[in-house]
A.B. asks: 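Following this message is one structure expressed as structure tokens.
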Amino acid sequence: MSEAIHRLIEQYGLIAVFLGCVAEGESAVILGGFFAHQQIFVLWQAFLVAFLGAFAGDTFFFTLGRSFADHRYVRRLRRRPGFRRAYRLLNTHPNIFVLTNRYVYGMRLVGGIAAGLSTVSVPRFVILNAISSAVWAALFGTIGYVFGLGAEHMVGQAFARHERLLIALAIGIAVAVLAWLLAHHFARKERVKDAIEDQAES
């Protein structure tokens with residue numbers, strides 16, 4: 001069973017990292033760095049795939065906001081918690097917002113839509129998004145790689161490589177669940193803030 005999982009990670013792991021980074025996937029990048037330390041991926045490949053996934057994801061949401069502003073899906077996203085605050089920040093500090101938006105869990109999607117609806121030009125967004133994606137991929141990929149070093153010290157060499165991978169998968173799932181719970185908590189707070197702002201404006 002564990003050997004089968006090991007082969008699946010070798011064959012499809014980079015694709016999974018890419019897809020995870022298209023979404024809000026810090027845990028995907030961290031696992032990519034960990035697998036690179038386990039010599040399943042080459043480190044630069046893990047970084048590159050994470051960069052491409054992050055860049056593609058944010059560019060996709062920017063394009064949705066820029067070209068399909070009236071689509072019902074985009075209108076629904078504009079009602080999500082935090083959108084109004086993201087749009088205000090974009091208008092006051094556009095460069096800083098595009099560079100840092102991906103680091104706020106739960107805000108990447110609405111941030112990309114808000115950027116597309118703002119006055120930020122396409123070349124400006126592409127350049128800033130590329131810089132942000134590269135730094136983000138390198139940062140979290142390195143965290144995963146360093147975590148691999150620490151894991152070896154903790155579990156020692158007694159574990160076979162595929163057993164360490166199972167440990168990593170368990171930790172990755174735990175991180176993803178924790179991130180979802182945190183995002184759900186902050187989303188509730190954003191909804192409360194938006195409701196208070198709506199009452200104040202009316």
Side-chain angles (χ1 to χ4, degrees), residues 13-36 41-147 175-176 179 182-183 186-187 190 194:
L14 286 174
I15 297 173
V17 171
F18 174 82
L19 294 176
C21 293
V22 169
E24 303 187 60
E26 285 82 2
S27 56
V29 192
I30 291 171
L31 282 175
F34 181 90
F35 293 147
F41 307 152
V42 179
L43 185 59
W44 70 264
Q45 291 176 337
F47 285 170
L48 179 61
V49 166
F51 163 76
L52 291 175
F55 181 81
D58 282 9
T59 302
F60 172 74
F61 292 120
F62 175 84
T63 304
L64 277 181
R66 181 59 50 99
S67 303
F68 302 96
D70 295 325
H71 192 277
R72 62 181 181 179
Y73 177 70
V74 176
R75 290 201 304 268
R76 187 164 65 247
L77 292 176
R78 290 166 67 176
R79 293 193 294 269
R80 287 186 61 162
F83 177 84
R84 191 174 306 172
R85 185 169 290 107
Y87 194 70
R88 281 201 301 268
L89 288 171
L90 258 168
N91 289 325
T92 53
H93 306 288
N95 293 345
I96 294 174
F97 181 89
V98 175
L99 286 171
T100 61
N101 177 58
R102 72 178 59 256
Y103 295 94
V104 183
Y105 193 90
M107 289 292 289
R108 276 185 63 191
L109 193 153
V110 295
I113 296 290
L117 294 169
S118 73
T119 57
V120 175
S121 68
V122 173
R124 185 182 188 183
F125 177 83
V126 168
I127 292 171
L128 293 173
N129 186 33
I131 294 170
S132 179
S133 298
V135 173
W136 181 83
L139 174 64
F140 286 99
T142 300
I143 289 173
Y145 192 85
V146 171
F147 168 75
V175 168
L182 287 173
F186 287 120
E190 289 293 336
D194 287 345

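What you see is a predicted model; the values in this text were computed from it and never measured. For the numbers below, each heavy atom of this structure counts, side chains included, while hydrogens, waters and symmetry mates do not.
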A.B. asks: Using the six-membered ring wherever Trp is involved, compare the ring planes of Phe35 and Phe41 and label them parallel, tilted or perpendicular (cut-offs 30° and 60°).
C.D. replies: perpendicular
A.B. asks: Please name the pair of heavy atoms, one in Arg66 and one in Val122, separated by the smallest distance, quoted to 0.1 Å.
C.D. replies: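 Taking every non-hydrogen atom into account, NH1-CG2, 3.9 Å.
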A.B. asks: So Asp58 and Phe62, side-chain contact (heavy atoms from CB on, under 4.5 Å) or not? Walk me through it.
C.D. replies: CA-CA 6 Å; Asp58 282 9; Phe62 175 84; over 6 Å; no
A.B. asks: At their closest point, which heavy atom of Phe125 faces which heavy atom of Ala115, and how far apart are they?
C.D. replies: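 Shortest heavy-atom contact: CE1-CB, 3.9 Å.
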A.B. asks: Supply the atom-to-atom distance Thr119 OG1 to Asn91 CG, rounded to the nearest 0.5 angstrom.
C.D. replies: 6.0 Å
A.B. asks: Which residues pass the side-chain hydrogen bond (donor to acceptor under 3.5 Å, both in side chains) test with Ser118, sequence neighbours left out?
C.D. replies: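 Not a single residue meets the side-chain hydrogen bond (donor to acceptor under 3.5 Å, both in side chains) criterion with Ser118.
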A.B. asks: State, yes or no, whether a side-chain contact exists between Val98 and Leu90 at a heavy-atom distance under 4.5 Å.
C.D. replies: yes
A.B. asks: With rounding to the nearest 0.5 angstrom, report the CD1 to CG distance, Ile143 to Leu31.
C.D. replies: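 CG of Leu31 is found 12.5 Å from CD1 of Ile143.
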A.B. asks: For Asn95, what residues pass the side-chain hydrogen bond (donor to acceptor under 3.5 Å, both in side chains) criterion, not counting sequence neighbours?
C.D. replies: Arg124
A.B. asks: What is the distance from atom CG of Leu128 to atom OG of Ser121, rounded to the nearest 0.5 Å?
C.D. replies: 8.5 Å
A.B. asks: So, using side chain to side chain contact (heavy atoms under 4.5 Å, CB included) as the criterion, who are the partners of Arg76 when residues are at least two apart?
C.D. replies: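 Listed in chain order: Tyr73, Arg79.
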A.B. asks: Using every non-hydrogen atom in the two residues, find where Ser133 and Ala54 come nearest and quote the distance to one decimal.
C.D. replies: OG-C, 3.8 Å
A.B. asks: Would you please name every residue forming a ring-ring contact (aromatic ring centres under 6.0 Å, His included) with Phe97, sequence neighbours left out?
C.D. replies: none
A.B. asks: side-chain contact (heavy atoms from CB on, under 4.5 Å) for Val49 and Ile15? Distances and angles first, verdict last.
C.D. replies: CA-CA 8 Å; Val49 166; Ile15 297 173; over 6 Å; no
A.B. asks: Rounded to the nearest 0.5 Å, what separation is found between the CZ atom of Phe140 and the OG atom of Ser27?
C.D. replies: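 Reported value, rounded in 0.5 Å steps: 10.0 Å.
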A.B. asks: Leu117: which residues meet the side chain to side chain contact (heavy atoms under 4.5 Å, CB included) condition with it, sequence neighbours left out?
C.D. replies: Ala69, Arg78, Phe83, Tyr87, Ile113
A.B. asks: Just verifying a value: how many Å separate Leu48 CG and Trp44 CH2, rounded to the nearest 0.5 Å?
C.D. replies: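 It comes to 6.0 Å.
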A.B. asks: Which residues pass the side-chain hydrogen bond (donor to acceptor under 3.5 Å, both in side chains) test with Ser132, sequence neighbours left out?
C.D. replies: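 Testing Ser132 for side-chain hydrogen bond (donor to acceptor under 3.5 Å, both in side chains), a comparison that skips the adjacent residues, returns Arg102.
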A.B. asks: Return the minimal non-hydrogen interatomic distance between Trp136 and Val29, and the atom names on each side.
C.D. replies: CH2-CG2, 3.3 Å
A.B. asks: Do Leu43 and Tyr145 make a side-chain contact, defined as non-hydrogen atoms from C-beta onward lying under 4.5 Å apart?
C.D. replies: yes
A.B. asks: Given side-chain contact (heavy atoms from CB on, under 4.5 Å), test Val74 with Asp70 step by step and report yes or no.
C.D. replies: CA-CA 7 Å; Val74 176; Asp70 295 325; over 6 Å; no
A.B. asks: Please report the shortest heavy-atom distance between Gly20 and Ala28, naming the atom on each side.
C.D. replies: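 Looks like CA-CB, 3.9 Å.
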A.B. asks: Do Thr92 side-chain atoms and Leu89 backbone N/O form a donor-acceptor pair below 3.5 Å?
C.D. replies: yes
A.B. asks: Which pair of heavy atoms, one from Tyr103 and one from Leu99, lies closest together, and at what distance?
C.D. replies: CE1-O, 3.5 Å
